[in-house]
Number of protein chains: 2
Amino acid sequence: MIEFREDQPKWQQVAQAIRERIAAGAYRPGSRVPSENDLMQEFGIARMTAHKVMRALREEGAIYTVRGMGSFVSPPGGTEPPVVHTS
Amino acid sequence: MIEFREDQPKWQQVAQAIRERIAAGAYRPGSRVPSENDLMQEFGIARMTAHKVMRALREEGAIYTVRGMGSFVSPPGGTEPPVVHTS
DNA sequence: AGATATTTGTTCGTATGTATC
DNA sequence: GGATACATACGAACAAATATC
């Protein structure tokens with residue numbers, strides 16, 4: 001759990017926590033990151049706040065998202081299209 | 001986009017813009033009007049300001065709103081309850 | 001085929017805090 | 001004090017995509 005500081009928005013602090021886990025290799029390229037529901041539970045935040053976190057990470061290219069599936073760590077390169085199972 | 005005047009609140013100017021579009025028939029009775037998010041984007045305003053716009057239009061009967069769905073142009077009569085699709 | 005659960009996308013409703021005028 | 005305007009953050013509801021059973 002995080003002790004939220006007063007001087008920075010929750011959504012930024014959570015986003016930073018996820019960034020650090022990716023950088024540390026806790027979440028590896030192509031693997032799923034916690035769902036918005038997971039983030040709600042773990043950090044005690046509202047779903048819209050979790051959504052804002054994921055949107056920020058998505059916009060900076062750290063993750064990509066598939067509706068109904070979840071979000072995944074982007075490959076090191078950065079912009080390769082996600083592997084979508086079409087079978 | 002709008003060039004906001006200094007002599008009048010933003011939320012009133014945006015509300016007037018929407019009123020004019022309804023009057024002009026750009027938004028027809030029963031059809032959806034732009035969401036608060038749309039208004040944020042188009043006019044470059046905060047969500048709370050967009051909300052204030054919609055509340056004003058709702059209170060004067062120009063639109064009606066359904067949570068989770070959006071806002072819609074009121075029928076010409078004025079105060080008939082909205083048609084909800086239950087099928 | 002159908003039902004259910006999970007997950008993300010989007011919508012509105014509300015409250016609080018900050019800053020400015 | 002009041003009104004405006006912004007950002008943050010909570011809640012609630014509806015929608016659509018995906019997966020599983």
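Residue numbers begin at 1 in each chain, while the letters A, B, ... track the order of the sequences. This one's a predicted model, so the numbers in the text were calculated from it and none came from an experiment.
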Determine all donor-acceptor pairs shorter than 3.5 Å in which one atom belongs to a side chain in residues 50-59 of chain A; sequence neighbours excluded.
from, atom 1, to, atom 2, distance (Å)
A:H51, ND1, A:E36, OE2, 2.6
A:R58, NE, A:T65, OG1, 3.0

Which donor-acceptor pairs under 3.5 Å do the side chains of residues 17-30 of chain A make with protein atoms, sequence neighbours left out?
from, atom 1, to, atom 2, distance (Å)
A:R19, NE, A:E60, OE2, 2.5
A:R19, NH1, A:Q16, OE1, 2.6
A:R19, NH2, A:E60, OE1, 3.3
A:E20, OE2, A:Q16, NE2, 3.3
A:R21, NH1, A:Y27, OH, 2.8
A:R21, NH1, A:E42, OE1, 3.4
A:R21, NH1, A:E42, OE2, 3.3
A:R21, NH2, A:E42, OE2, 2.5

Legend entry - Closest approach of B:K10 to B:I45 (non-hydrogen atoms, all atoms of both residues): CD-CG2, 4.2 Å
Legend entry - Heavy-atom closest contact (B:I2 atom, B:Q13 atom, distance): CD1-O, 4.3 Å
Inset, instruction - Specify the angle, to 10°, made by the local axes at the two ends of the helix from C:dG2-D:dC21 to C:dC21-D:dG2 when five pairs are taken at each end. - result: 0°
Please state how far atom [atom1] in [X] lies from atom [atom2] in [N], giving the value in whole angstrom units.
| X | N | atom1 | atom2 | result |
| --- | --- | --- | --- | --- |
| A:L39 | D:dA9 | CG | C1' | 15 Å |
| A:Q12 | D:dA9 | CD | P | 8 Å |
| B:F4 | D:dA5 | CZ | P | 8 Å |
| A:R55 | D:dA7 | CZ | C1' | 12 Å |

Inset, instruction - Spell out protein contact along nucleotides 4-14 of chain C as letters: B when the base is contacted, S when just the sugar-phosphate is, - when no protein heavy atom is under 4.0 Å; keep the 5' to 3' order. - result: ---BBBBBBBB
Legend entry - pair B:V66-B:F72: side-chain heavy atoms closer than 4.5 Å: yes
Legend entry - Residue pair A:P75 / A:Y64, side-chain heavy-atom distance below 4.5 Å: yes
Legend entry - Short side-chain N/O contact from B:K10 to OP1 or OP2 of D:dC6, under 4.0 Å: yes
Detail all sub-3.5 Å separations between protein N/O atoms and N/O atoms belonging to nucleotides 17-21 of chain C.
none

Inset, instruction - Map A:Q8 and B:P9 onto DNA chain D by nearest heavy atom, then report which one ends up closer to the 5' terminus. - result: B:P9
Legend entry - Single-linkage hydrophobic cluster B:L39~B:F4, side-chain heavy atoms < 4.5 angstrom: yes
Legend entry - Nearest-0.5 Å distance, OG of residue B:S35 to CE of residue B:M69: 12.5 Å
Legend entry - Test side-chain hydrogen bond (donor to acceptor under 3.5 Å, both in side chains) applied to B:N37 - qualifying residues, sequence neighbours left out: none
Inset, instruction - Without swapping roles, check the side chain of B:S71 against the backbone of B:V33 for a donor-acceptor pair under 3.5 Å. - result: no
